[in-house]
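The structure appears right after this line, and notes come after that.
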Amino acid sequence: MRAAVVERYGPPEVVRIMELPRPTPRAGEVLVRVTAAAVTSADARIRAARFPRGFGAMSRLIFGLRGPRQPVLGSAYSGVVTEVGSGVSRLAVGDAVCGMAGMKLGAHAEYLTVRADAVSLRPSTVTDDDAAGVLFGGSTALNYLRDRARLRPGETALVNGASGAVGTNAVQLARHFGAEVTALTSAPNAALIGELGAHRVIDYRQHAPEQITDRYDVVLDAVGNLSIAAGRRLLNHGGRLLLVVADLGQLLQARGNVMAGPAPETREDTDFLLALIGSSQLRVVHDSQFTLDDIAHAHRRVDTGRKVGNVIIRAR
Ligand SMILES: NC(=O)c1ccc[n+]([C@@H]2O[C@H](COP(=O)([O-])OP(=O)(O)OC[C@H]3O[C@@H](n4cnc5c(N)ncnc54)[C@H](OP(=O)(O)O)[C@@H]3O)[C@@H](O)[C@H]2O)c1
């Protein structure tokens with residue numbers, strides 16, 4: 001099978017298309033032919049070994065010293081089951097599925113094996129691109145807003161970095177949970193973010209977060225330019241600060257109403273997001289699509305830090 005392989009950390013050019021043996025599903029796993037996969041900010045971080053401050057040494061121990069131990073990156077995928085491992089009864093060959101591959105990664109390839117219990121059935125109302133696109137940012141925004149902040153109807157929320165993969169979902173989910181949403185984004189993206197449901201849009205190039213005088217019940221930072229002190233100043237009494245991007249120092253200080261750390265990937269959350277898309281309550285924003293062969297271009301686009309929503313690669 002063709003796969004995008006990263007042998008050494010580096011710029012987008014280190015990603016090379018190679019022929020690898022097609023994996024075989026073990027007990028409890030299925031083999032999925034990937035039809036669409038996201039190239040996310042996390043994939044680009046791993047490829048470049050560009051980890052948040054303080055995480056460099058620890059991340060290299062986890063992901064690999066000079067290059068990723070799992071050389072095929074990619075987590076969020078949509079595809080079709082082509083083989084079923086022993087002991088799997090809830091999925092069959094031909095099922096349209098999607099999910100997150102977790103630490104095992106491997107979605108930037110024609111095929112990947114995944115644990116059957118981590119796989120969701122993709123409804124026919126959700127496209128491959130939307131399924132692959134929503135999972136990374138959607139499950140993060142969902143975990144932070146619903147599970148950590150317990151955002152309630154009538155509360156106010158500020159989303160910093162509203163046009164990224166996390167931000168486009170955070171704006172819509174905060175609105176879905178009944179919040180009044182203010183979004184920090186740049187002027188070219190303001191109309192889109194308004195369409196996604198933000199009640200108010202602030203151009204961060206005109207007003208830095210520190211200059212905002214309003215106070216919010218929930219502040220979600222998907223950029224990483226808010227200190228804990230600056231974030232706390234934006235909170236109402238009882239407010240919660242969500243540091244989706246946190247350096248090691250912030251992670252160690254995060255407690256009580258300051259929340260940080262990796263968001264879990266669960267099938268229930270995937271199903272929740274798919275249902276919202278299927279009922280037109282959540283829109284997946286797409287920046288660009290590339291073929292697997294052109295994945296270096298996809299990484300280049302993610303590296304700009306300017307992508308709007310999601311970058312998708314398709315197998316063919
Ligand atoms: N904790 C977790 O589990 C978790 C999970 C997922 C992601 N993350 C982290 O969350 C961060 C965001 O991820 P992502 O995938 O959403 O990123 P992304 O899609 O690459 O974000 C790109 C967007 O950020 C906007 N942006 C850049 N600088 C900005 C600023 N100063 N103010 C406001 N917006 C700005 C850009 O808009 P403009 O062009 O308008 O600037 C662009 O649309 C990443 O650092 C990622 O590692 C953490």
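No hydrogens, no waters, no symmetry mates; every other heavy atom, side chains included, goes into these values. Numbering starts at 1 and runs along the sequence shown. As the structure is a prediction and not an experimental result, all values here were calculated from the model. Remember, it's 1-based here, ligands and their atoms both numbered in the order they're listed.
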Is the charged tip of Arg300 near the ring of Phe290: under 6.0 Å from the six-membered ring centre and within 45° of its axis?
no
Identity and distance of the protein heavy atom lying nearest [atom]:
atom	answer
atom 42 (C) of ligand 1	Lys307 O, 3.1 Å
atom 16 (O) of ligand 1	Val166 N, 2.8 Å
atom 21 (O) of ligand 1	Gly164 CA, 3.6 Å
atom 26 (N) of ligand 1	Arg306 NH2, 4.1 Å
atom 33 (C) of ligand 1	Tyr204 CD2, 3.2 Å
atom 40 (O) of ligand 1	Ser186 OG, 2.4 Å
atom 37 (O) of ligand 1	Ser163 OG, 3.0 Å
atom 14 (P) of ligand 1	Ser41 OG, 3.5 Å

Which one holds for [X] and ligand 1: side chain close, backbone close, both close, or neither close, with close meaning a heavy atom under 4.0 Å?
X	value
Arg45	side chain
Val245	side chain
Phe51	neither
Val244	both

Among Lys104, Arg26, Arg22, which residue meets the side chain to side chain donor-acceptor pair (under 3.5 Å) test with Thr113?
Lys104
Verdict with reasoning, Asn236 to Asp217, per side chain to side chain donor-acceptor pair (under 3.5 Å)
CA-CA 5 Å; Asn236 281 329; Asp217 299 310; 3.1 Å; yes
Which atoms of ligand 1 have any heavy atom of [X] under 4.0 Å away?
X	result
Val223	29 (C), 30 (C), 31 (N), 32 (N), 33 (C), 34 (N), 35 (C)
Gly161	33 (C), 34 (N)
Ala222	11 (C), 12 (C)
Ala263	2 (C), 3 (O)
Phe136	6 (C), 7 (C), 15 (O)
Thr140	4 (C), 5 (C), 6 (C)
Asn225	31 (N)

Sidechain N-carboxylate O distance under 4.0 Å for Arg50, Asp303:
yes
Does the distance from a Lys or Arg side-chain N to an Asp or Glu carboxylate O, for Glu210 and Arg233, drop under 4.0 Å?
no
Using a 3.5 Å cut-off on N or O atoms only, is Ala165 in polar contact with ligand 1?
yes
Would [X] count as a contact of ligand 1 if the rule is a heavy atom under 4.0 Å away?
X	result
Gly261	yes
Gly305	yes
Gly137	no

Judged by atom type as modelled, is there a donor-acceptor pair below 3.5 Å linking the side chain of Thr304 to the main-chain atoms of Arg306?
yes
Side chains of Asn310 and Asp129: donor-acceptor distance under 3.5 Å anywhere?
no
Under 6.0 Å from the CZ atom of Arg16, do we count more than 12 heavy atoms belonging to anything else shown?
no
